[in-house]
*Asks:* 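The following block contains the structure, expressed as structure tokens.
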Amino acid sequence: LEINNESFDVNEGICPRCNEKMIKYIDNKDLFEGALTFHIIKFKCLKCNKEYMDLNEAEKYDLFLKLEKIGKEKVLALVK
């Protein structure tokens, strides 16, 4: 048995609500007028439309939200 970093990647999922197989897709999020792009891998259930992420992608999305908030605060500070 060999365990490496790829061993913890999530490649498919079953919706915990519907028990249906979910689709995997990439949600591209831009910041600072396209200067920075986050590619966030998500899983979506086509039956109930719920979306899920693994822990690594959730941490990446959290970083995106923090940077987005900082960017908005800077814009508001410039407007005042």
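Residue numbers run from 1 in the order of the sequence given.
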*Asks:* From D27 CG over to I41 CD1, what is the distance, rounded to the nearest 0.5 angstrom?
*Replies:*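 Spacing of CG (D27) from CD1 (I41) equals 11.0 Å.
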*Asks:* List the steps, then state whether side chain to side chain contact (heavy atoms under 4.5 Å, CB included) holds for I40 with M53.
*Replies:* CA-CA 8 Å; I40 301 168; M53 293 177 254; 3.7 Å; yes
*Asks:* Which residues pass the ring-ring contact (aromatic ring centres under 6.0 Å, His included) test with F43, sequence neighbours left out?
*Replies:*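 With sequence neighbours excluded, F43 shows a ring-ring contact (aromatic ring centres under 6.0 Å, His included) to no residue whatsoever.
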*Asks:* Do Y61 and L63 sit in one hydrophobic cluster, given that two such residues count as connected whenever their side-chain heavy atoms are within less than 4.5 Å of each other, even indirectly?
*Replies:*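 Per the 4.5 Å side-chain linkage, Y61 and L63 are co-clustered.
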*Asks:* Applying side-chain hydrogen bond (donor to acceptor under 3.5 Å, both in side chains), name anything that partners K66, two or more places apart in sequence or on another chain.
*Replies:*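 Partners of K66 by the side-chain hydrogen bond (donor to acceptor under 3.5 Å, both in side chains) criterion, ordered by chain and then number, come out as D62.
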*Asks:* Closest heavy-atom contact between E20 and C45?
*Replies:* CB-SG, 4.4 Å
*Asks:* Between CD of E59 and CG of L55, what distance do you get to the nearest 0.5 Å?
*Replies:*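 So the gap between those two atoms works out to 4.5 Å.
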*Asks:* For residues G71 and F32, report the shortest heavy-atom separation together with the two atoms involved.
*Replies:* CA-CE2, 3.9 Å
*Asks:* By side-chain contact (heavy atoms from CB on, under 4.5 Å), which residues pair with L31, not counting sequence neighbours?
*Replies:*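 In terms of side-chain contact (heavy atoms from CB on, under 4.5 Å), with neighbours along the sequence ignored, L31 is linked to L36, F38, F64, L67, E68.
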*Asks:* Measuring from I23:CD1 to K42:NZ, what's the distance to the nearest 0.5 Å?
*Replies:* 12.0 Å
*Asks:* Do N49 and K44 have side chains that get closer than 4.5 Å, going by heavy atoms?
*Replies:* yes
*Asks:* Checking K50 side chain against C15 main chain: does a donor-acceptor pair fall under 3.5 Å?
*Replies:* no
*Asks:* In Å and rounded to the nearest 0.5 Å, what is the NZ to CZ distance from K47 to R17?
*Replies:* 11.0 Å
*Asks:* Do T37 and K29 come close enough that some side-chain heavy atom pair is under 4.5 Å?
*Replies:* no
*Asks:* In chain order, what residues pass the side-chain hydrogen bond (donor to acceptor under 3.5 Å, both in side chains) check against K21, with sequence neighbours excluded?
*Replies:*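 By the side-chain hydrogen bond (donor to acceptor under 3.5 Å, both in side chains) rule, K21 matches no residue at all.
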*Asks:* So, using side-chain hydrogen bond (donor to acceptor under 3.5 Å, both in side chains) as the criterion, who are the partners of N19 when residues are at least two apart?
*Replies:*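 So N19 forms no side-chain hydrogen bond (donor to acceptor under 3.5 Å, both in side chains) with any residue.
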*Asks:* With Y25, which residues qualify under side-chain hydrogen bond (donor to acceptor under 3.5 Å, both in side chains), at least two apart?
*Replies:* E51
